[in-house]
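Comments concern the structure below.
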Amino acid sequence: MPIEQSIQTDTQFQSLTQGLPDFDQHKHVACIHDDKTGLHCLIAVHNTSRGPGVGGCRLWQYDELSDALTDVLRLSQGMTYKNAMADLAFGGGKAVILAPDFSKYSRSDVFASFGRALEVLNGDYCTAEDVGTSPEDMANIHKNSKHIFGLADKSGDPSPFTAYGVFLGIKEAVQFRLQTDSLKGVHVAVQGLGHVGHHLCELLHEAGARLTVTDVRQDSIKRVKDAFQAKTCAPDDIYSIAADVYAPCALGATVNPQTLEKLQVSVIAGAANNQLSTESIANELKQRQVLYVPDYVINAGGIVNIACESGSDYDADRARQEVDKISPRLREIFEQSEKQDRCTIAVANDIAQKKFSPNTESNIRIHNL
Ligand code: NAD
C-alpha cells in the first residue's frame, strides 16, 4: 500500500502523531492530499507564540508515514528553537512532501498544489526552500500562496548566508577549543557538498583551512577538490578522518553511537539539522571533550537572511550583519557550558525556551484539497 494511504481517518492520524516520541504538543499537524496532482504532504507548526511558523519545505522519499511524520515534527520543533534563539519574529514550522513518481505527475502541478495546501494553515505556516526543492518549485508554490519566503526576486537562495554563519561558528569554536584566532592550517572534514557545503568549503579554503571532503555525488566532490585543493574520501570514511573539525552538511543524525566511536575531532560544527541522533549523545561528546556547536544556532544564517525580507526593503549587507550575531551567541553558549558544566545543547535549549511560550492546544487533521 502506498504510504500516503496507510492512514485514513483523523483519529488514526491523531493516534499515530501523538504516539511518536517527537510529538511536543505541536500547534498544528496537517496531512494534506491532492490525489489529482499527486501531492501528499505533511505540515507541522510547532509554535507560533513569536510569529508564524517559518521553515523550509523538504521533498523526500520515505518508507513509512511515521518516518515522514517524525521528520516533520522534529524539524518544525527545531525551527521554533532556531528562530527564537536568533530573536526572529517567527515561530517554528516545516513541511515534507512525499516524493511522487514524477513520470506520472507534473512537478509544477505538485508544487502549485502545495501552494493551495499552505492556505489550509491560514498563515500559521510560511514556507521556503529546503532539501530537494528549488527556486522554480518556490515560484510554482507562489502561484497559489503568498505564505512564502526566499523567492528569487527577494532574499533569494539562503545557502550562502547559512554557509557564512557556519563558517563564523567554526571560527568561534576553533578559537574557544583550540585557542587560535586563525583557521590557517586547521583541518576540517566536510560531509555534504551541496548548496551549503560547497560555499562553506570556499570560505574555509580562503581562510587557509585544510579540507577533507565527501559526498555521495562524484561531480560535487570533483568540483570542490579542483576549486579548493581538498583531499577527498569515501562517504563512510569521513567519520574516521583525524581532523580538528567535523562539519556535517548533509542530513541529520550522523552523530550517533556508531559514528561516535570513529570520530577523531575536537569540534563538531556544521549546517545539517538534528545532527545528534539523541540528546544523550551530547553528554558523551562532552565527556570526550568534543565541543558540539548546537546545530540550530550555527545554521541560522539562512533564516536570518529570510527574516530581512520582513519590514523594510531587503538589503544583503544588513542580512550579513545580522548573521554576524551568531558568533557572540555561540561564545555565550560555550562559556555558559563550561561554567555550568553542562553540554552546549542543554545550555542553548534553556536560552531558547525562555523566548517562546508553550502551546495550549493541538490541531491534528487530514485534509483533502
Ligand atoms: P543539499 O541537498 O544542497 O546538499 C546536501 C548534500 O549532501 C548533497 O550534495 C548530497 O549529495 C549530500 N549527501 C547526502 N547524503 C550524503 C551522505 N550520506 N554522505 C555524504 N554526502 C551526502 O542541501 P543543503 O541546502 O546544502 O543543506 C545541507 C544541510 O544543511 C541539510 O541538512 C539542511 O537541512 C541544512 N540546512 C540548510 C540550510 C540552507 O540554507 N540551505 C539552512 C539550514 C540548514
Side-chain angles (χ1 to χ4, degrees), residues 54-61 71-72 74-79 81-83 85-86 88 90 92 94-96 99 127-135 137-138 149-150 155-170 189-203 212-225 230 232-241 246-256 258-259 262 268-277 293-308 319 323 326:
V54 180
C57 153
R58 179 169 286 197
L59 177 82
W60 199 250
Q61 197 113 41
D71 219 15
V72 81
R74 285 191 87 181
L75 290 165
S76 59
Q77 183 191 41
M79 288 311 299
Y81 282 73
K82 186 188 304 199
N83 292 338
M85 178 62 93
L88 306 178
F90 291 162
K94 203 91 183 184
V96 299
T127 201
E129 212 178 308
D130 197 72
V131 175
T133 56
S134 68
D137 298 329
M138 296 302 115
F149 282 100
S155 66
D157 180 5
S159 309
F161 291 86
T162 304
Y164 174 57
V166 173
F167 170 72
L168 294 177
I170 289 176
V190 183
Q191 178 192 50
L193 307 171
H195 291 95
V196 180
H198 186 99
H199 284 296
L200 175 64
C201 288
E202 183 174 10
L203 294 170
T212 300
V213 302
T214 194
D215 198 288
V216 287
R217 296 182 53 149
Q218 285 305 316
D219 54 338
S220 306
I221 295 186
K222 184 167 174 357
R223 269 204 308 275
V224 168
K225 178 176 181 244
T232 66
C233 69
D236 283 346
D237 292 345
I238 197 77
Y239 307 111
S240 319
I241 299 293
Y246 165 53
C249 299
L251 295 174
T254 64
V255 185
N256 55 47
Q258 290 75 43
T259 58
K262 298 182 187 169
I268 296 177
N273 288 310
N274 302 325
Q275 291 167 24
L276 308 183
S277 64
V293 183
D295 45 12
Y296 66 81
V297 189
I298 192 174
N299 72 11
I303 194 79
V304 166
N305 178 53
I306 278 174
C308 289
V323 178
I326 288 176

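Not measured: the values here are computed from a predicted model. Just follow the structure's listing: the first ligand is 1, and inside any ligand the first atom is 1.
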- Should we count NZ of K222 as having more than 12 external heavy atoms under 6.0 Å? no

- Any chance the side chains of D137 and S134 put a donor and an acceptor closer than 3.5 Å? yes

- Item | Side-chain H-bond candidate by donor/acceptor type, N256 with T259, under 3.5 Å | yes

- Task: For D215 and R217, run salt bridge (charged side-chain N to carboxylate O under 4.0 Å, His left out): C-alpha distance rounded to whole Å, both residues' side-chain angles, the deciding distance at 0.1 Å, then the answer.
- Result: CA-CA 5 Å; D215 198 288; R217 296 182 53 149; 5.4 Å; no

Write 'none' if nothing qualifies; otherwise put on separate lines each N/O atom of ligand 1 with a protein N/O atom under 3.5 Å away and their distance to 0.1 Å.
{"unit_1": "ligand 1", "atom_1": "3 (O)", "unit_2": "H195", "atom_2": "N", "d": "2.9"}
{"unit_1": "ligand 1", "atom_1": "3 (O)", "unit_2": "H195", "atom_2": "ND1", "d": "2.6"}
{"unit_1": "ligand 1", "atom_1": "9 (O)", "unit_2": "D215", "atom_2": "OD1", "d": "3.4"}
{"unit_1": "ligand 1", "atom_1": "9 (O)", "unit_2": "D215", "atom_2": "OD2", "d": "2.7"}
{"unit_1": "ligand 1", "atom_1": "11 (O)", "unit_2": "D215", "atom_2": "OD1", "d": "2.6"}
{"unit_1": "ligand 1", "atom_1": "26 (O)", "unit_2": "H195", "atom_2": "N", "d": "3.1"}
{"unit_1": "ligand 1", "atom_1": "26 (O)", "unit_2": "V196", "atom_2": "N", "d": "2.8"}
{"unit_1": "ligand 1", "atom_1": "30 (O)", "unit_2": "A271", "atom_2": "O", "d": "3.3"}
{"unit_1": "ligand 1", "atom_1": "32 (O)", "unit_2": "A250", "atom_2": "O", "d": "2.6"}
{"unit_1": "ligand 1", "atom_1": "34 (O)", "unit_2": "R58", "atom_2": "NH2", "d": "3.1"}
{"unit_1": "ligand 1", "atom_1": "34 (O)", "unit_2": "N273", "atom_2": "ND2", "d": "3.0"}
{"unit_1": "ligand 1", "atom_1": "40 (O)", "unit_2": "T162", "atom_2": "OG1", "d": "2.7"}
{"unit_1": "ligand 1", "atom_1": "41 (N)", "unit_2": "S159", "atom_2": "OG", "d": "3.3"}

- Heavy-atom closest contact (A163 atom, V196 atom, distance): CB-O, 3.7 Å

- Message: For the CG atom of L75 and the CZ atom of R58, what is their distance to the nearest 0.5 Å?
- Response: 5.0 Å

